[in-house]
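As the structure lists them, so they are numbered: ligands from 1, and atoms in each ligand from 1. Bear in mind the structure is a predicted one, so any value in this text is a computation, not a measurement.
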Amino acid sequence: MVEPIRRTSRRERELLIEAAGFNLFDLRSDDVMVDLLTDSGTGAMSAEQWAAMMRGDESYAGSPSFERLQRAAREVFGMEYVLPTHQGRAAEHLYLGMLLAPEQIVVSNGHFDTTRAHVEITGATAIDMPTAAADDPQVRAPFKGDIDLGRLEALLSGPDAGRVACVLITVTNNTGGGQPVSLGNVAAASRLAHTAGVPLVLDAARIAENAWFVKERETGYAQHRVADIVRELTSHADVMLMSAKKDGLVNIGGLVTVRDQDLYARLVERSIVYEGFPTYGGMAGRDMDALAVGLREVLDESYLAHRIGQVEHLGEAILAAGVPIMEPSGGHAIYVDAGALLPHVPAEEFPAQALGCALYVEGGVRGVEIGSNMMGRDPQTGENRHPRFEMLRLAVPRRTYTHTQLETVADALARIALHPTQVQGLRMTHEARVLRHFTARFAPLGRPAAHPDVPGLETRA
Ligand code: F0G
C-alpha cells in the first residue's frame, strides 16, 4: 500500500503551526511530510496480516479470532490468561485501576506518560528510578533503560516498603530514550519485588525490540533466538501490559496477560464494564487476527535487524549533522537533546517543544516533545515538573519510511543547528489538568530573527 505525501512550503508550515497553537498534535497529518510523532499504530501491516483480517470472526463471545490471538499470545509470552483491550492504556486502566489505592507507590525504570497518569489518577505515586548509566546522554552504555537496583532495594526494604504496590519495568524504556533493559536487570528487579511480596509488572509495548538488544549486547545471549529471549523476559513477570500498537505490529489493540486465575477473574469483571466481553475486550475480531500474526512476525530477526538498523541510521545521520542525541540510538526512536542544542531556551520555555515546531517549519517533520511539557505538574504541589533532559523524540513507524526519507529529517535538523539561537522559547497559553501535552497551546516568546514577517508572531508577551 502506498500513500501520497503532500508537499508543503515553508511559508505554509509557518502558518499551519501557528494555527495549531504550536502543538504538533494539532497538525493535520496531511500537512506533515515525515511523520515521526509516534511509532504507535502507525506502521504498515504485512500481506499475512491483511490476509488474516479477512478471517476475522465478529462473534460477541467465543470467537475463533480470539482463540487464534490467545494461542499466539500464550506461545509468545508464556502466560496462561490473555485479555484483549482496545489499546495499551486500557490495559493499564484494567490492571492499575484495580490494583492501586491512594498513598501507594508504583516504582519503575520509567513510566510512560499514560502509565504515570493511570497511577496518579488513583491518588498513588509514580516513582522513576532510572539507572545511573542514563545520567549522561552521550555515554554509549548498552542498557541505559535499566532500573537502578540499589535504589529499588533501598525502597523495598525502607520505611515506605509497605506502600509499594508493584514494580513496573518498561521494555524498552520509552521515556528514557527507547533504551533497552537487560535480562539480568529484569531478573534482579523481579527477585527484589518478589522478596518484598509485590508483583513484577512488565510494560511490554516494545518487548521484541528489547529482546533484540539483549541478543546483541548482553553477555551469553548472542546465540539465543529473540523468541526465547522474549519468553525469558516475561518469565520474570507476574503481569504483562502491552500496547499492541508497537511490537504487536497492528494499528490498534492491547493485551493484559497474567498467570494467576483469581487475578484474571477480577480483571474480567472490569473488562466487561470498561472494555467488553473477555473474548474480544476492546477489539474487533479482524484486529485480533491481525495481532495474532503480528505477535509472531515481530520476532523475525531479519525484520528486527532492519528495524533497529533504520533507527540507528537516522541517529548516525543526525549526529553527523552535529546535533546532540541520546546515545546510543533507541530501538524505536531518536531522542534529540533539545536542552543541549538550545541552551539559550530555559526549561520553563519548553525547548524541546520549540525545537519540534522549528523542525516542522524547516522540514515538514513532526516529532513529539518528551520534556517539561509532557511531565506536567506535580499533582500534590501543582508545580511544573522538569525532567532531567528536554528531548524531542523522533519515533520511526515500523515498515513505513525509506532511509532516504529519514535522511531529509537529519538534513532539516542540520539546517537548524547552523543557527540554533533563531529558535525561540514558548509560553503555554492553555493546559489541561492531566496529560496536558496532547492539547496544550503555546505562544512564541521573542521574535524569530529569520522570519519577522509571520502574521500573529508580532502579538506576544
Ligand atoms: N506503555 C508504553 C511504553 C508506551 O509507549 C505506550 C504508548 C503505552 C504504554 C500506552 O499505549 O498508546 O496503546 O494506549 N506509547 C505511544 C508513544 C503513544 O507514542 O510512545 P497506548
J.: For this output row, return yes or no: ring centroids of Tyr280 and Tyr60 closer than 6.0 angstrom.
T.: yes
J.: Counting heavy atoms not belonging to Glu103, are there more than 12 under 6.0 Å from its CD?
T.: no
J.: Counting both backbone and side chain atoms, is some N or O of Thr172 under 3.5 Å from an N or O of ligand 1?
T.: no
J.: Determine whether the aromatic ring centres of Tyr264 and Tyr81 lie less than 6.0 Å apart.
T.: yes
J.: Is the backbone of Ala134 close enough, under 3.5 Å, to the side chain of Thr131 for a donor and an acceptor to pair up by distance?
T.: no
J.: Quick check on His332 - does any of its heavy atoms sit under 4.0 Å from an atom of ligand 1?
T.: no
J.: In the protein, what heavy atom is nearest to atom 8 (C) of ligand 1, and what distance, to one decimal place, separates them?
T.: Phe112 CD2, 3.4 Å
J.: Of His111, Lys246, Gln179, Arg393, which meets side chain to side chain donor-acceptor pair (under 3.5 Å) against Asn174?
T.: Arg393
J.: For ligand 1, which is the ligand I care about here, please tell me if Thr114 has any N or O atom under 3.5 Å from one of the ligand's N or O atoms.
T.: no
J.: Report the nearest protein non-hydrogen atom to atom 9 (C) of ligand 1: residue, atom name, distance rounded to 0.1 Å.
T.: Glu92 OE2, 3.2 Å
J.: Counting non-hydrogen protein atoms only, what is the nearest one to atom 11 (O) of ligand 1? Give residue, atom name and distance.
T.: Ser243 CB, 3.2 Å
J.: Output the list of atoms in ligand 1 that are nearer than 4.0 Å to some heavy atom of Thr170, sorted by atom number.
T.: 3 (C)
J.: Looking only at protein heavy atoms, which one is nearest to atom 16 (C) of ligand 1, and what is the separation?
T.: Lys246 NZ, 3.2 Å
J.: Which residue supplies the protein heavy atom nearest to atom 1 (N) of ligand 1, what is that atom called, and how far is it?
T.: Asp203 OD2, 2.7 Å
J.: Pairs under 3.5 angstrom only: tabulate donor-acceptor contacts from the side chains of residues 291-298 to other protein residues two or more places apart or in another chain.
T.:
from   : atom 1 : to     : atom 2 : distance (Å)
Arg296 : NE     : Glu75  : OE1    : 3.4
Arg296 : NE     : Glu75  : OE2    : 3.0
Arg296 : NH2    : Glu75  : OE1    : 2.9
Glu297 : OE1    : Ser46  : OG     : 3.0
Glu297 : OE1    : Arg399 : NH1    : 3.0
Glu297 : OE2    : Ser46  : OG     : 2.6

J.: Record the part of Arg89 in heavy-atom contact with ligand 1 below 4.0 Å; permitted values are side chain, backbone, both and neither.
T.: both
J.: More than 12 heavy atoms of other residues, nucleotides or ligands under 6.0 Å from CD of Glu48: is that the case?
T.: no
J.: Return a yes/no value for Ala205: is any of its N or O atoms, backbone included, closer than 3.5 angstrom to an N or O of ligand 1?
T.: no
J.: In ligand 1, which numbered atoms sit nearer than 4.0 Å to a non-hydrogen atom of Lys245?
T.: 13 (O)
J.: Please check this pair: side chain of Glu390 against backbone of Ala352, looking for a donor-acceptor N/O pair closer than 3.5 Å.
T.: no
J.: Considering the heavy atoms of Thr38, write down every atom of ligand 1 situated less than 4.0 Å from one of them.
T.: 16 (C), 17 (C), 19 (O)
